Amino acid sequence: MRCSRCERPAVIDQPYRGTHACSVHFLESVDERIRREFHRQLPRFARGTVAVALSGGKDSAVALRATSGYFARRPTVRVVALSVDEGIAGYRDGTIAAARRLAGELGVEHRVVRMEERLGTTTDRVAREHPEAIPCSYCGVWRRRLLNDSARAAGADALVLGFNLDDLAQTVLMNLVRGEVDRLARMAPHGTRRPGLVPRIAPLAQVPEREVYLYAHLHHLPFDHGECPHAGRAARNLFREVLWQLEESIPGTRQTLLRTRERLLRPGILPGDGAGPGVCARCGEAASGERCRACELLDVARLPVPAPDGP
Ligand code: SF4
Ligand SMILES: [Zn+2]
Ligand SMILES: [Zn+2]
């Protein structure tokens, strides 16, 4: 198979655009899509701090490389990488080591936030004590909370997440199927600011997961291949499989789902991602009800409420 744009052999096919690409044109096309998303999601950003959530996996590795590359010619923009250690044996140590290595190679400041220190527990411990609960349901909420706290503590104006096209399309589909229109409006990338919440952006939004993998591989980025031992119980797995089947039969489904969300976000259709309705009565962070989700879950796990700001 040859590249659709030159004579070189293709390294990947892109059925959603009806093309094949060689390594040169593939890397170029990914860089271009990422650049466009930075431009769209973080317009005219020339001064300040951008935090990058760095888990140590392929997506966040590509997100960190892209962010430091995008702002390399703007010395007035500082990039800082943030990793959360949820305390997951046999998994997190490896990913944190890969994160540290990549940040070192790119010369980016790297901070690690430990759930044990901040919340007084770990995902492994809660999983042992509450086997009935699906670990991702609390682990994900607490990680988002700790990332927001530490991004704010670092003075960040935006928080870059490594969500790829598949991740975001799955989230849109999940929220549509469950009728969660508020969540559909609130998910990253954020178009507007909410008090207390560092706006989250997703520059890999137009890059499918397997292209992120190939990109990381071709650039020899250090990342960890391990899988979280709790991941098998995630509700998302079903949506991942359904979306794979849809994409195979109807190429372009993932992009269509993202466009659908954007159309729904036009004024007057969905509630909008702007106005946070209030603050949590327990910890003072943004909340859509009386208490934020992080505190609700800490209550369920019978844990003390964290201090409002991270390290
Ligand atoms: S897969 Fe679930 S439990 Fe594991 S780190 Fe991710 S959110 Fe946490
Ligand atoms: Zn080519
Ligand atoms: Zn709270």
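Numbering starts at 1 and runs along the sequence shown. Just so you know, ligand 1 is whichever comes first in the structure, and atom 1 is the first atom listed for that ligand. Given the structure is predicted, the values throughout are model-derived calculations rather than measurements.
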Would you say that R261 contacts N175 through its side chain, given a criterion of any heavy-atom pair below 4.5 Å between the two side chains?
no
Could you tell me the angle subtended at the Zn ion (ligand 3) by SG of C280 and SG of C292, rounded to 10°?
120°
Would you indicate whether the side-chain heavy atoms of C139 and H230 approach each other to under 4.5 Å?
no
Under 2.8 Å from atom 4 (Fe) of ligand 1, how many protein N/O/S atoms do you get? Just the number, please.
1
Check this for me: does any side-chain nitrogen of one of E32 and R35 sit under 4.0 Å from a carboxylate oxygen of the other?
yes
Which residue holds the protein heavy atom closest to atom 6 (Fe) of ligand 1, what is that atom called, and what is the gap in Å?
R143 NH1, 3.8 Å
Hey, are R145 and D149 close enough for a salt bridge, meaning a charged N less than 4.0 Å from a carboxylate O?
yes
Write out all pairs satisfying salt bridge (charged side-chain N to carboxylate O under 4.0 Å, His left out) with one or both partners inside residues 47-61, taking only residues at least two apart or from two chains.
K58-E209
Test of ring centre spacing under 6.0 Å for F38 and F71
yes
Any heavy atom of R233 closer to ligand 1 than 4.0 angstrom?
no
For H217, is the NE2 atom crowded, meaning more than 12 foreign heavy atoms sit under 6.0 Å from it?
no
